Amino acid sequence: MKRFGFARREGAATGKRRITFLLRLLAGVGVLLVGILLGFYLFCPVDLLKDRLERELSARTSWQVHLKRLTLTVPPGLRVEGVDIAGGLPPGLLSPLAEVTVKPLWGALLSGQPGLELTAHRKDGALNLEWRRNGSLEGSAEAFPLTVPLTANGKLKASGTLKSAIFRGAWPLGEKTESRLELTLTGVTLEGLKDFGSARDNLPIGTVTLTMKGQGKVLEVQKLESSGGDLQLSGEGQIMLASPLGLSRANLTLGVKPAPNLDQALRDLLGLLAQPGRDGIYNIRLRGSLAQAGLG
């Protein structure tokens, strides 16, 4: 009995020593990780990292990307205050951005498909993208202001607020990649009409909804309509996606039905672009790259 009691006490002491060793090991690893993180945050060459990101983004997208200020975040991530993008996209479509943050998808680190989350802010709106290692890409937007030029010289443009948007697809695109885009824009307005002889410079379009679905690099318009404005829009056609995005080609037909009280100068302008059908609808083509699309 004494030997058994002694062996039991010795086993318990050995177990305590093992637990103490494991706790010390874990504490040492924790201190080491904290030291590495502190060293990273204190001595990371932020300016060099910002310059490198500008070069890489400009080279990979064919855009001219300028980052005003880059900082590190906790948990580990990057925050950029002030992003200007020029070239390859319609001016004002994504630039300028007040703030962009990039961080890992922490919940996916152990799933075998890690990824990154990007959030961009402009005024009170936000644009969010999630990309995973297998190429899957999901995006959403809320209250994000947009401006898109409709003529090559940029005098005629459309502005509005991207109230909601959902995108599901993959990047890079493959032949079997399935994509879907749903978006709703509110407060859409045509601007710059005085340059075309109109008595007023702005024309309200109202709310525009768009649904597109595609496979590979081709997106087909499934639904395009507007409501609540002086023009009633409908549409069909497709967009051929390319890299960089600004080189994507649009081949769309817009059906435009003016309200009875539409300014006569604007009716004449529509007549220059197309002749109305028996139903009073002007079918206008929108063709060209996303960076320089033209009406005709």
Side-chain angles (χ1 to χ4, degrees), residues 83 85 88-98 100 117-131 136-150 156-171 173 177-191 203-257 284 286-291 293 295:
V83 179
I85 303 172
L89 283 177
L93 182 61
L94 288 179
S95 179
L97 298 172
V100 177
E117 179 182 9
L118 182 148
T119 303
H121 295 275
R122 176 192 282 178
K123 295 183 179 179
D124 296 329
L127 175 68
N128 183 267
L129 293 174
E130 292 186 1
W131 179 85
S136 66
L137 179 67
E138 295 188 6
S140 62
E142 182 177 358
F144 196 81
L146 294 175
T147 300
V148 181
L150 299 177
L156 180 64
K157 55 188 176 181
S159 65
T161 299
L162 188 57
K163 180 181 179 181
S164 64
I166 298 176
F167 174 80
R168 295 184 178 90
W171 193 264
L173 292 170
T177 300
E178 294 185 355
S179 304
R180 184 173 180 85
L181 173 66
E182 301 176 8
L183 57 85
T184 300
L185 297 108
T186 59
V188 178
T189 303
L190 287 180
E191 302 176 1
L203 180 70
I205 303 298
T207 299
V208 176
T209 57
L210 171 66
T211 301
M212 303 188 76
K213 184 178 181 181
Q215 183 170 334
K217 297 182 178 181
V218 179
L219 281 175
E220 296 279 351
V221 174
Q222 291 190 315
K223 176 184 177 182
L224 173 60
E225 61 184 25
S226 69
S227 61
D230 289 349
L231 295 178
Q232 184 177 344
L233 301 180
S234 60
E236 61 182 14
Q238 64 182 24
I239 294 178
M240 180 72 72
L241 297 175
S243 180
L245 186 61
L247 296 180
S248 300
R249 306 290 298 181
N251 186 9
L252 306 174
T253 299
L254 301 178
V256 181
K257 186 174 184 178
I284 301 173
L286 177 62
R287 294 175 292 183
S289 68
L290 295 186
L295 295 172

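Keep in mind it's a predicted model, so treat the numbers as computed, not measured.
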Calculate, to the nearest 0.5 Å, the distance between atoms CD1 and CG belonging to Ile166 and Leu183 respectively.
10.0 Å

Considering all heavy atoms of both residues, which atom of Phe167 and which atom of Ser179 are nearest to each other, and what is their separation?
CE1-CB, 4.1 Å

Reported CG-to-CH2 distance for the pair Leu137 and Trp131, which is rounded to 0.5 angstrom:
9.5 Å

Got Thr253 and Leu286 here, is their nearest side-chain heavy-atom distance under 4.5 Å?
no

Should the heavy atoms of other residues, nucleotides or ligands under 6.0 Å from CD of Glu182 be counted, would the total exceed 12?
yes

Name all residues meeting the side chain to side chain contact (heavy atoms under 4.5 Å, CB included) criterion together with Asn128; count only those two or more places apart in sequence or in a different chain, and write none if there are none.
Glu117, Thr119, Glu130, Ser140

Please report the shortest heavy-atom distance between Leu129 and Gly139, naming the atom on each side.
CD2-CA, 3.7 Å

So the salt bridge (Lys or Arg N to Asp or Glu O under 4.0 Å) pairs with at least one residue in residues 224-233 (sequence neighbours excluded) are Arg200-Asp230, Lys223-Glu225

To the nearest 0.5 Å, what is the distance between OG1 on Thr189 and NZ on Lys157?
11.5 Å

Non-hydrogen side-chain atoms of Leu233 and Leu254 separated by less than 4.5 Å:
no

For residues 204-219, which side-chain donor-acceptor pairs fall under 3.5 Å, sequence neighbours excluded?
none

Before giving the answer on side chain to side chain contact (heavy atoms under 4.5 Å, CB included), spell out for Leu146 and Leu185 the whole-Å C-alpha distance, their side-chain angles and the decisive distance to 0.1 Å.
CA-CA 9 Å; Leu146 294 175; Leu185 297 108; 4.1 Å; yes

Please identify each residue that fulfils side chain to side chain donor-acceptor pair (under 3.5 Å) with Glu142, with sequence neighbours left out.
none

As an exercise, state the distance from CD1 of Ile239 to CG of Asn251, rounded to the nearest 0.5 Å.
10.0 Å

CD on Gln232 to NZ on Lys257, rounded to 0.5 Å
6.0 Å

How many angstroms lie between atom CG of Leu252 and atom CZ of Arg287, to the nearest 0.5 angstrom?
11.0 Å

Any residue meeting side chain to side chain donor-acceptor pair (under 3.5 Å) with Ser136, in chain and number order, not counting sequence neighbours:
Asn134

How far apart are the closest heavy atoms of Gly235 and Val221, and which atoms are they?
O-CG1, 3.9 Å

Write out all pairs satisfying side-chain hydrogen bond (donor to acceptor under 3.5 Å, both in side chains) with one or both partners inside residues 159-169, taking only residues at least two apart or from two chains.
Ser159-Glu191

